[in-house]
Amino acid sequence: MSVHKAVPTYDFQVLGPLRVCRGELTVALPARHPRMLLAVLLLHDGGVVAERRLLEQVWGHGPGSMTALRTAVSRLRSWLRDEAGGVASLEHVDGGYRLRVPDRSVDAARFRAALAADSDTAGVDPHERLTDLMNALEQWRGPVLEGAPDGVREDAAVRALDDDHAMCLQRLAALSIAVQAPELLLSRTRAMARARPFDEPLHTRLIELYAACGRPAEALMEYERLRSRLADELGVAPSSDAQRAYLTLLDQDPPLLGGFERTQGRGWGRLVVPHQLPADIADFTGRDKATAVLLDHLGGVLNDPMRAATLVAGITGAAGAGKSTLAVHIAHRLAATYTDGQLYADLGGSGAAPESPARVLGRFLRALGVGQAAVPEDLAERTALYRSLVDGRRILVVLDDAVGEAQVRTLLPGSPTCAVLITSRSRLVGFSGARIVDLDRFDVDHAIHLLAAVVGHERVAAEPEAAAELVTLCGRLPLAVRICGARLAARPHWPLASLVAVLRDERGRLDELSVADLAMRDGLRQSHARIAEEARLALARLARLGAVEFTVGTAAAVCGLDHITAEACLDALVEARFVAVVDTGQAGRFHYRLDELVRLFVLDPGATRPPG
């Protein structure tokens, strides 16, 4: 049955950028208008193309004339004679033109012939059919006449060739499954399906290929994307062929699908929609500007259908600045936008043992419905499966307390319909296009408002001066204010001034900033453990200076370091949020200051030692 023959001496190619070859050599093409004439005439495979149609396609809908057309025809004839060896001839027929070329010297004609020959397959070995169609598929080097003007590519012949290309892939997909080699066609079919979102037969073959490759989660997800797209944009259900492929997959009962829900006893049903966000805080207050910026950025998934990248936003700041609280609040506000689910992971970046991306991906895959036995061991395979499962779905991923960019990069989806919100004490400067919000401590008014939200406005209004001093002693950090508020709320008989008096004692202040599972010292200890030994020693000496501003020169003198080393230590301490840059001072010299709670933490002899 094989129809594959040797390529003629001259080969005219339109299945990709226009190209003419003589043996192994590529022939230089004529000027623009003769070249586009050649392209259009080759598309029509010896058929007559009307002069008016040629003017529209080659010159567009602007000014064009028969003189321009005839000039281009004359130049094309000269090129065919001089450069193409006269193997093709250009004829004027009944108000149009026709290009005659030797049999099978055009790649599109050879492709169509192979596809037509495959129509009669009775008794033909599937391996032979697969070989012939793969040879036909190799004619394709890219989209038809890639790089040609839109007027040329809008020809009906281009659409017909694209349809034939898709049909060839559909047949090959079925054959590859029949001969137990589905991996052979998976990537090509997937790429074509992405380019033809409403081609149901092609998407059906893709579902079958995923299933045959042992990737049932992706098969189910592909069907769900097709179903949602058809319902949302066309108001129709998938074809009976697509539904049969889906039901066949559901009727299977392998352990690989162990994470999917059973439906009415008939195998495995819809994918799990994860809702992993921690509870929002009822008394959330402040951060209005940061909230507006993040909602505007991450809500853009609905506003920019042409966007090609995953939305990424970050919240950075010191321990206790309220990064996680803000992230969870934002995520809950966006839940109605990201209707396919919300994934959440505490990455433990400020602790001694941060989570590995592989472990987080394993949890995400199981949350998305993948059975334990189907979770790949290899990190790259986990990443690929995760991105396949969330592709095309509106999913928000919250990555809390990241060490930095390297920890989260493999956890980013690849789909523009998804978004990621990251919190970190690091600056997160390595994400292109990300919106980063850096949280500073509250001003006094916002800190008092938070205190009032926890303990009651009446108590704060009764002791305004005590309230102002209380939040100042807390360093205006939301976590410290919330801890004090929780302690006061548990003791409604306490005046605010009583807690203020306790906090004025610097030696015990950090001990007082603790309630239930919240403690300022824990966050400071975790950050302290992650800085280099030389920076820790410098911090200890700087803490003895008291609540004063200092320069690099002062730090160098106090710590016994040269200027360059002292500056490097200060940079590390600023990155760890232990030291703040106050202003540039005179002659551009930076001035620094230790946060008061940090200073008290460092001066406590037992505070900097790990617990236990």
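Residue numbers start at 1 and run along the sequence shown.
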### Query
Heavy-atom distance under 4.5 Å between the side chains of Met192 and His203, does that happen here?
no
### Task
Tell me, yes or no, whether the heavy-atom count around Leu234 atom CG, taken from other residues, nucleotides or ligands under 6.0 Å, exceeds 12.
yes
### Query
Please, which pairs that meet ring pair (Phe, Tyr, Trp, His ring centres under 6.0 Å) have at least one residue in residues 458-498, sequence neighbours excluded?
none
### Query
Salt bridge or not for Arg409 and Glu405, using N-O below 4.0 Å?
no
### Query
Does the Arg476 side chain pair with the main chain of Phe442, one donor and one acceptor, at a distance under 3.5 Å?
yes
### Query
Under the criterion side-chain contact (heavy atoms from CB on, under 4.5 Å), which of Leu496, Val460, Val454 is the partner of Leu488?
Leu496
### Ile531 side chain reached by Leu573 side chain, heavy atoms, under 4.5 Å
yes
### Query
Would you call Arg482 and Arg487 a side-chain contact if the rule is heavy atoms closer than 4.5 Å?
no
### Message
As an exercise, state the distance from CD1 of Ile436 to OG of Ser424, rounded to the nearest 0.5 Å.
### Response
9.0 Å
### Test item: Arg393 and Glu224 side chains (from C-beta on) under 4.5 Å apart, heavy atoms
no
### Message
Tell me the closest heavy-atom pair linking Ala327 and Val398, and the distance in Å.
### Response
CB-CG1, 4.4 Å
### From CA spacing to verdict: side-chain contact (heavy atoms from CB on, under 4.5 Å), Val312, Arg435
CA-CA 7 Å; Val312 178; Arg435 183 66 56 85; over 6 Å; no
### Side chain to side chain, Leu361 and Leu379, heavy atoms closer than 4.5 Å
yes
### Query
Does a side-chain heavy-atom distance below 4.5 Å link Thr383 with Arg387?
yes
### Task
Would you please test Leu226 and Phe198 for side-chain contact (heavy atoms from CB on, under 4.5 Å) and show each step?
CA-CA 8 Å; Leu226 176 64; Phe198 298 104; over 6 Å; no
### Minimum-distance pair of heavy atoms, taken over all atoms of Cys484 and Leu470
SG-CD1, 4.1 Å
## Note on the structure
Between Gln276 and Ala367, the two heavy atoms sitting closest are NE2-CB, 3.2 Å
### Message
Under the side chain to side chain donor-acceptor pair (under 3.5 Å) test against Gln342, which residue among Arg394, His332, His275 passes?
### Response
His275
#### Entry: Glu218 with Arg225: basic N within carboxylate O range, under 4.0 Å
no
### Query
With sequence neighbours excluded, what pairs up with Arg427 under the side-chain contact (heavy atoms from CB on, under 4.5 Å) test?
Val429, Asp438, Val574, Glu575, Arg577
### Query
Okay, side chain of Gln407, backbone of Leu347: is any donor-acceptor separation there less than 3.5 Å?
yes
### Sidechain-backbone polar pair: Thr310 side chain, Ser415 backbone, donor-acceptor under 3.5 Å
yes
### Query
With side chains defined as the heavy atoms from C-beta onward, is the minimum distance between Val598 and Leu600 less than 4.5 Å?
no
### Task
Return yes if some donor-acceptor pair links the side-chain N/O of Asp401 with the main-chain N/O of Gly349 below 3.5 Å, else return no.
yes
#### Entry: Sidechain-backbone polar pair: Arg190 side chain, Leu206 backbone, donor-acceptor under 3.5 Å
no
### Query
Which is it for Phe601 and Leu539 under the side-chain contact (heavy atoms from CB on, under 4.5 Å) test, yes or no, and what are the steps along the way?
CA-CA 11 Å; Phe601 167 78; Leu539 180 63; over 6 Å; no
### Task
Would you give the length of the straight line joining atom CG of Leu542 to atom OH of Tyr592, rounded to the nearest 0.5 angstrom?
11.0 Å
### Reported CG-to-CG distance for the pair Leu277 and Leu343, which is rounded to 0.5 angstrom
9.0 Å
### Message
Check whether Arg541 reaches the backbone of Arg536 with its side chain - one donor and one acceptor, N or O, closer than 3.5 Å.
### Response
no
### Summary
Value for CG (Leu389) from CZ (Arg215), rounded to nearest 0.5 Å, stands at 9.5 Å
#### Entry: ring-ring contact (aromatic ring centres under 6.0 Å, His included) partners of Tyr223, counting only residues at least two apart
Tyr246
#### Entry: Shortest non-hydrogen contact from Leu294 toward Ala313
CD2-CB, 3.8 Å
### Query
Is there side-chain contact between Phe431 and Val408, with at least one heavy-atom pair below 4.5 Å?
yes
### Message
Please check this pair: side chain of Lys323 against backbone of Ile422, looking for a donor-acceptor N/O pair closer than 3.5 Å.
### Response
no
### Message
If you compare all heavy atoms of Leu473 against all heavy atoms of Val500, which two are closest, and at what distance to 0.1 Å?
### Response
CD1-O, 3.8 Å
### Task
Give a yes or no on whether the backbone of Arg287 and the side-chain of Thr291 come within a donor-acceptor separation of less than 3.5 Å.
yes
### Query
If only atom types and distance count, is the side chain of Ser426 paired as donor or acceptor with the main-chain N or O of Val403 below 3.5 Å?
yes
### Query
What is the distance from atom NE2 of His528 to atom CZ of Phe578, rounded to the nearest 0.5 Å?
6.0 Å
### Query
Which distance, rounded to the nearest 0.5 Å, do you find between the CG of Leu396 and the OG1 of Thr337?
9.5 Å
### Summary
Heavy-atom closest pair (Leu594 atom, Ala543 atom, distance to 0.1 Å) is CD2-CA, 3.7 Å
### Task
For the pair Leu537 and Glu533, evaluate side-chain contact (heavy atoms from CB on, under 4.5 Å) and give the outcome as yes or no after the intermediate values.
CA-CA 6 Å; Leu537 293 173; Glu533 178 67 21; 3.8 Å; yes
### Message
Does this structure show an ion pair linking Arg194 with Glu222, if we count only N-O contacts that are shorter than 4.0 Å?
### Response
yes
### Query
So, the side chain of Tyr386 versus the backbone of Leu411: is there a donor-acceptor pair under 3.5 Å, distance only?
yes
